[in-house]
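Working notes for the structure below.
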Amino acid sequence: MNNWISVKDRLPDMHKRVLIKGDATYVAGRAPTSNQNDDWGIKGDWYWSIVSDFWIDAHMITHWQPLPEPPRGDSCE
């Protein structure tokens, strides 16, 4: 089943972690821009905030999908 959603059709809620697809696949969340983002050259009122401390400008991403549910049972605790 193809769960990818085009950013042309719908965007995820702000601050919700999702998989995103551009030239590669990342785990990210959609976040609003602020005055601090001006220093990074981020344009517009939101951007993709990648979990590993990277960011990608909104125009670089074509699709997204919700993260899958984590496995149940075996725990590291």
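From a predicted model like this one, the values you see are computed outputs, not experimental measurements.
Listed for the Trp4 side chain is no donor-acceptor partner under 3.5 Å among the backbone atoms of Lys21.
Atoms CD1 and OG, on Ile61 and Ser6 in that order, are 12.0 Å from each other to the nearest 0.5 Å. Between the CD1 atom in Ile5 and the NE2 atom in His63 there is a gap of 9.5 Å [rounded to 0.5 Å].
When side chains are defined from C-beta on, Trp64 counts as touching Val7, because their heavy atoms get closer than 4.5 Å.
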